[in-house]
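The chain is numbered in sequence order, starting from 1. Just so it is clear, the structure is predicted and the values come from calculations on it, not from any experiment. Just so you know, these numbers use all the heavy atoms, side chains as well, and skip hydrogens, waters and symmetry mates.
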Amino acid sequence: MIPIPLLSLDFQKKLKNIFDISHDIILKSQATYTSAERLLLEALGLAEFEPGQEQVNIKSFQESFLASGRLDAEFYEARYEKLEAICRRYAAYVKTISEMMTYNARGLQPEYSEAGTLDVINSRHILENGLDYDHFEKTELANWDKQEKAQVFMQDILIYTTGANIGRTQVYQRSAKALASNHVNILRIAGEDPAYVAFVLNSKIGRMQTERLSAGSAQQELYPKDIAQFYIPFVARPIQQAITAHLQQATDLRAESTRLLDLAKRAVETAIEAGEEAGMRVLEGGLSMSPTIQRRDPP
């Protein structure tokens with residue numbers, strides 16, 4: 001049996017108010033991210049693009065294997081060429097990852113240690129809406145120098161390379177040292193905004209390239225040599241800036257939603273340990289710090 005604290009109705013209403021605000025903020029974050037996607041796809045003429053499933057695409061041996069080294073038929077499906085043609089037609093310019101990268105490699109098998117102080121990023125920490133910073137694994141700090149190939153720095157692009165969520169991509173946004181595991185690809189670029197590049201890799205444009213380049217094997221894998229082949233269509237600079245501003249706002253909103261849920265948890269703990277009056281002060285103080293949404297008083 002799990003004991004449940006009986007808090008006053010007024011306190012419960014205050015908690016519900018926080019949950020409602022947190023939910024509203026998440027919805028706003030999702031809408032903001034969707035707006036960024038719409039900006040990208042509209043600028044590239046892809047707002048109404050449907051890839052289709054055309055299976056027939058006749059290629060000569062010179063145009064196929066000699067050019068790409070690929071023999072699997074899926075690689076040559078016409079829908080991939082159609083997508084790239086549209087991107088190149090409407091983009092301000094296009095770069096391949098190989099033209100931007102200064103580092104492109106998988107991490108290493110980590111040596112875990114519960115008592116360690118150095119973060120280890122696994123593929124499962126690469127979420128749909130960011131990195132799961134709160135649940136990174138740990139290893140000994142001495143492994144930072146031992147596993148130089150796996151070192152992760154701020155603004156590195158981390159890519160999920162094996163399994164169900166292959167191709168999922170997020171940018172590491174902290175200054176703290178971290179290592180990447182062997183199923184996470186570390187991509188470091190120069191001359192372009194990592195947030196924009198990661199956003200394109202997460203979009204329909206990147207997902208279709210992942211699908212194409214990882215085809216032809218039972219276990220889906222995305223290797224550094226494959227990632228180097230990705231093309232990134234860049235829209236006009238003002239639109240790029242608008243997209244990255246939307247992305248930052250969506251990230252800030254998610255962080256605020258998480259903060260409010262943590263606030264509710266802390267307030268309940270305080271109410272149990274020190275009384276409802278102390279818990280209420282925690283709630284009031286936390287709500288007054290919310291910069292993203294106007295406070296709503298419960299009925």
Side-chain angles (χ1 to χ4, degrees), residues 26 29-30 32-34 36-37 40-41 46 49 51 53 72 74-75 77 79-80 83 97 101 103-110 112 119-139 149-150 152-174 178-189 194-233 243 246-247 250-251 253-255 257-258:
I26 283 295
S29 173
Q30 293 169 347
T32 304
Y33 190 90
T34 299
E37 289 181 318
L40 176 70
L41 297 179
L46 293 169
F49 175 72
Q53 295 292 332
D72 49 302
E74 296 93 340
F75 182 83
E77 290 181 13
R79 58 200 178 106
Y80 301 127
L83 173 71
I97 293 297
M101 68 188 192
Y103 188 76
N104 178 28
R106 285 193 180 187
L108 299 171
Q109 178 63 39
Y112 295 117
D119 287 330
V120 178
I121 306 170
N122 292 324
S123 55
R124 68 174 178 272
H125 299 134
I126 304 176
L127 306 179
E128 194 68 40
N129 57 4
L131 292 173
D132 190 6
Y133 292 99
D134 293 334
H135 296 97
F136 287 166
E137 302 288 347
K138 296 293 183 180
T139 189
K149 180 182 176 182
V152 176
F153 299 93
M154 181 180 281
Q155 297 299 305
D156 281 353
I157 299 170
L158 305 180
I159 303 172
Y160 193 122
T161 62
T162 307
N165 297 309
I166 184 172
R168 182 183 285 174
T169 303
Q170 297 296 341
V171 178
Y172 185 66
Q173 299 283 17
R174 290 186 174 176
L179 297 177
S181 75
N182 53 319
H183 293 302
V184 173
N185 194 89
I186 305 165
L187 176 62
R188 204 166 294 142
I189 64 171
Y196 177 85
V197 172
F199 177 66
V200 174
L201 290 174
N202 270 330
S203 73
K204 179 188 300 185
I205 300 160
R207 296 300 170 91
M208 284 187 63
Q209 291 184 76
T210 295
E211 182 183 307
R212 184 186 195 192
L213 289 165
S214 64
S217 60
Q219 173 66 50
Q220 283 193 313
E221 293 274 359
L222 199 58
Y223 296 101
K225 64 179 177 59
D226 302 318
I227 292 169
Q229 297 180 54
F230 275 69
Y231 62 86
I232 304 295
I243 288 171
H246 277 69
L247 296 178
T251 298
L253 287 166
R254 285 195 304 272
S257 176
T258 299

Item to check | Identified side-chain contact (heavy atoms from CB on, under 4.5 Å) partner of Q220 from the options T161, I166, T162, T210 | outcome: I166
Item to check | N202-R168 side chain donor-acceptor pair, cut-off 3.5 Å | outcome: no
Checklist entry - Do L179 and L108 come within less than 4.5 Å of each other through their side chains, counting heavy atoms only? => result no
Next on the checklist: I'd like to check V120 versus K138 (side-chain heavy atoms, cut-off strictly below 4.5 Å). Are they in contact?
Outcome noted: no
Checklist entry - So Y133 and Y172, would you call those rings parallel, tilted or perpendicular, with 30° and 60° as cut-offs? => result tilted
Checklist outcome for this item: Scanning both residues in full, the closest heavy-atom pair of S257 with I26 reads OG-CG1, 3.1 Å
Item to check | Close side-chain approach of L247 and Y33, heavy atoms under 4.5 Å | outcome: yes
Item to check | Those residues that, when tested against Y231, pass ring pair (Phe, Tyr, Trp, His ring centres under 6.0 Å) (two or more places apart) | outcome: none
Checklist entry - Salt bridge or not for R254 and E128, using N-O below 4.0 Å? => result no
Checklist outcome for this item: The residue among D156, L158, I97 that forms side-chain contact (heavy atoms from CB on, under 4.5 Å) with L187 is I97
Checklist entry - Got a sec, which residues hit ring pair (Phe, Tyr, Trp, His ring centres under 6.0 Å) with F153, two or more places apart in sequence or on another chain? => result W144
Checklist entry - Can you tell if the side chain of Y160 reaches within under 4.5 Å of the side chain of Q170, non-hydrogen atoms only? => result no
Checklist outcome for this item: The reported gap from NE2 in H125 to CG in D134 (rounded to nearest 0.5 angstrom) is 10.0 Å
